[in-house]
Amino acid sequence: MNFTRWSARLPGTQRRAAAQTDPTVDTDRRGDGSVPAARAEQLTDEVPPVPAIDGLPVRDVLDRVPALVALVHGPDHRLAYVNDAYVAAFGARDLGVRAREALPELDEPGLFPLLDQVQRSGRPRTLKSRKAPDGRSYTFTCTPVTESHNGDGRGVLVFATDVTDHAEAATRLRASERRQRETAVTLQRSLLPQELEEPDDLRVAATYHPGGTEAAVGGDWYDVITLGGGRTALVIGDVMGRGVRAAAVMGQLRTAVRAYARLDLPPHEVLQLLDGLATEIDANQIATCVYAIHDPNEGRLVYASAGHLPILVRDEQGAVQRADEPTGPPLGTGGWIHASDSIPLAPGSTAVLYTDGLVERRNEDLDEGIAALERALSGATGSPQVICDRLVRSAGVTPDHDDDVAVLVLQHPARKGAEAELFRNAALDLLGGVEAAPRARAFASGVLTSWRFPADLHDLGVLATSELVANSLQHGTPPMRLRLRRTDRRLTIEVTDGDDHLPRRRRAEPGDESGRGIAIVATIASNWGSRRTPGGGKAVWCEFVLPKP
């Protein structure tokens, strides 16, 4: 193989050769010889002479290149040349031997198929950061060269640059990012509820899917909070941003929601408190959130939204209703007034709360994603967990999804037969006067007897009814109403009136004639509480846990 003929076809060689033979080009700029060269440069400001690259042997140039260089020719890629750097890396090679036998170290990086592609297409190809048998990483560039003007005798010049340091740095960076993501995922999952609370009247399920390995973990969260008196709070939210910071902010907001929920406030008042807290946590961090309350006596889901996506409710016939648009801006904006709204949740209905990762896609309108979710929900049946999984699959959520996904599904079952006997309601309007208390006791005694409660629970229920009604008669205003409700787990007694002053438990002095009613209720009942009602007034309730059958 005549390497000089091959080197003459390397890029730029012909152009430089033409410049050397052109008689119009003045190649002697050293003066007439009477003045030293250095002095002539100072006097004439002429460019100093540069040795012509064409005068240097190509082999000597390539041998001094720190990169690995090899040249193969012919259809079977016979080795024509390797430079000194290649020999230092992999040892001496026999010329004229096919590349597969002469250069076996190129097999592991997958270079031999690339040689065929380059020779057929006549275009250069590059393989980035491939590890060779010597344990180092190289970027291989294969460039086609020809031996003659008519294109006969095609060859390939292999140029390998050592990028081991860059590859190791990239590996360390990926490992650091992976550890950071694992930390964020662990933090995120630890801040989410490990087990959802199980309300008496609802069936609930939730799922969380972190984004893929290329997406940092976000701040999606959900929660189910039993408020007492048969009521349940449901919340889902999304902190803008990614990583540990978003997960930490999410944890603070979720903890605050649980604390505010214990105050049994209307949904919009809870969001008002959260808005102020989000501003204090980080003025540049915003979050969306939906807070909803289900009361089995009302058959509706009362909710407030802070810039979050609308709740979807599927009725027993499969029709899907979308809740009204968000009733307020995202949390953290500050100074805005939120408002509560409601959507029907009759027995047999299913409601879905979700974050934007379930419906938002690049190059697609958000409404299209919500409409697709509505169609998927309309045909979804089964338990809440089955519906959760089906909605996630229908949305195309995979382990490589580019955003976090949180879904919360709740069902208000339509109970029939023997199960319906375990869920009963009874109510009595109280007009006031001296006959109100005896009438309430008689009503409660009859209802509890018909529900076949044991004698001790019957007596405790009648006593709690008497104390709650007496408290309402003394401190409340009409209209007053007594409500008894039983589920398969507990008995709830609730009295409402028109006064919004909430009672509190206190210690009565021996000479006091009042102040013992709430203390008695708190002592005999499993739980008790009070709240203001939306139309004005208050509700005071207590619960008794039923013995397991």
Side-chain angles (χ1 to χ4, degrees), residues 198-202 226-232 264 294-299 347 412-476 478-498 502-503 505 514 516-531 533 537-549:
E198 298 180 0
D200 293 354
D201 297 274
L202 297 176
T226 53
L227 301 177
R231 304 166 75 248
T232 305
D264 214 344
H294 174 256
D295 189 333
N297 298 310
E298 297 177 359
H412 186 191
R415 296 180 172 88
K416 300 176 181 178
E419 186 183 18
E421 293 296 321
L422 300 177
F423 292 81
R424 306 288 294 274
N425 283 280
L428 174 67
D429 292 324
L430 299 173
L431 301 178
V434 294
E435 75 281 358
R439 186 178 176 214
R441 286 192 294 269
F443 176 79
S445 178
V447 169
L448 297 179
T449 300
S450 67
W451 288 349
R452 300 178 181 179
F453 282 163
D456 56 344
L457 185 57
H458 171 279
D459 295 341
L460 291 176
V462 172
L463 176 58
T465 299
S466 177
E467 295 298 335
L468 291 180
V469 170
N471 180 79
S472 179
L473 291 173
Q474 183 174 357
H475 301 287
M480 289 178 286
R481 184 179 178 85
L482 168 65
R483 176 179 291 159
L484 287 82
R485 176 175 175 78
R486 72 153 296 169
T487 67
D488 58 342
R489 302 177 191 173
R490 71 197 76 233
L491 165 68
T492 302
I493 302 171
E494 182 180 83
V495 176
T496 59
D497 62 56
L502 299 180
R505 183 179 180 182
S514 62
R516 295 179 176 84
I518 295 299
I520 293 174
V521 171
T523 301
I524 64 175
S526 305
N527 192 16
W528 80 279
S530 62
R531 71 179 187 280
T533 53
K538 67 176 180 295
V540 185
W541 54 268
C542 68
E543 293 178 341
F544 295 88
V545 176
L546 302 183
K548 294 182 179 180

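Everything numeric in this text was worked out from a predicted model, so none of it was measured.
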Task: Step-by-step side-chain contact (heavy atoms from CB on, under 4.5 Å) determination, Met480 to Leu473 - done: CA-CA 8 Å; Met480 289 178 286; Leu473 291 173; 3.4 Å; yes
Open item on the list: Exactly one of Thr496, Thr533, Asp497 should register a side chain to side chain donor-acceptor pair (under 3.5 Å) with Lys538. Which one does?
Closed with: Asp497
Task: Full working for side-chain contact (heavy atoms from CB on, under 4.5 Å) between Arg531 and Glu494 - done: CA-CA 11 Å; Arg531 71 179 187 280; Glu494 182 180 83; 3.1 Å; yes
[atom1]/[X] to [atom2]/[Y] distance, rounded to the nearest 0.5 angstrom?
| X | Y | atom1 | atom2 | result |
| --- | --- | --- | --- | --- |
| Arg231 | Trp541 | CZ | CH2 | 9.5 Å |
| Trp451 | Leu457 | CH2 | CG | 11.0 Å |
| Thr492 | Leu484 | OG1 | CG | 9.0 Å |
| Thr232 | Asp200 | OG1 | CG | 7.5 Å |
| Leu491 | His458 | CG | NE2 | 11.0 Å |
| Arg483 | Asp429 | CZ | CG | 10.0 Å |

Is there a donor-acceptor contact under 3.5 Å from the side chain of [X] to the main chain of [Y]?
| X | Y | result |
| --- | --- | --- |
| Thr465 | Gly461 | yes |
| Thr449 | Ser445 | yes |
| Ser526 | Val545 | yes |
| Glu543 | Gly229 | yes |

TODO: Begin with the C-alpha distance, continue with both residues' side-chain angles, and end with the deciding distance and a verdict on side-chain contact (heavy atoms from CB on, under 4.5 Å) for Asp201 and Thr487.
DONE: CA-CA 8 Å; Asp201 297 274; Thr487 67; 4.0 Å; yes
Open item on the list: Counting neighbours of CD on Glu198 that are heavy atoms of other residues, nucleotides or ligands and sit closer than 6.0 Å, is the number greater than 12?
Closed with: no
TODO: For Arg415, look at atom CZ and say whether over 12 heavy atoms of other residues, nucleotides or ligands are found less than 6.0 Å away.
DONE: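 Above 12, so yes.
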Open item on the list: I need the single residue from Val469, Leu463, Asn471 that forms a side-chain contact (heavy atoms from CB on, under 4.5 Å) with Glu467. Which is it?
Closed with: Leu463
If you take all heavy atoms of [X] and [Y], which pair is closest and at what distance?
| X | Y | value |
| --- | --- | --- |
| Leu468 | Cys542 | CD1-SG, 4.0 Å |
| Pro503 | Val540 | CG-CG2, 3.8 Å |
| Arg424 | Ala420 | CD-O, 3.8 Å |
| Val495 | Ser472 | CG1-CB, 3.7 Å |
| Thr523 | Ala519 | OG1-O, 2.7 Å |
| Leu430 | Ala436 | CD2-O, 4.1 Å |

- [ ] Would you check, one step at a time, whether the test side-chain contact (heavy atoms from CB on, under 4.5 Å) holds for Asn527 with Arg490?
- [x] CA-CA 11 Å; Asn527 192 16; Arg490 71 197 76 233; over 6 Å; no
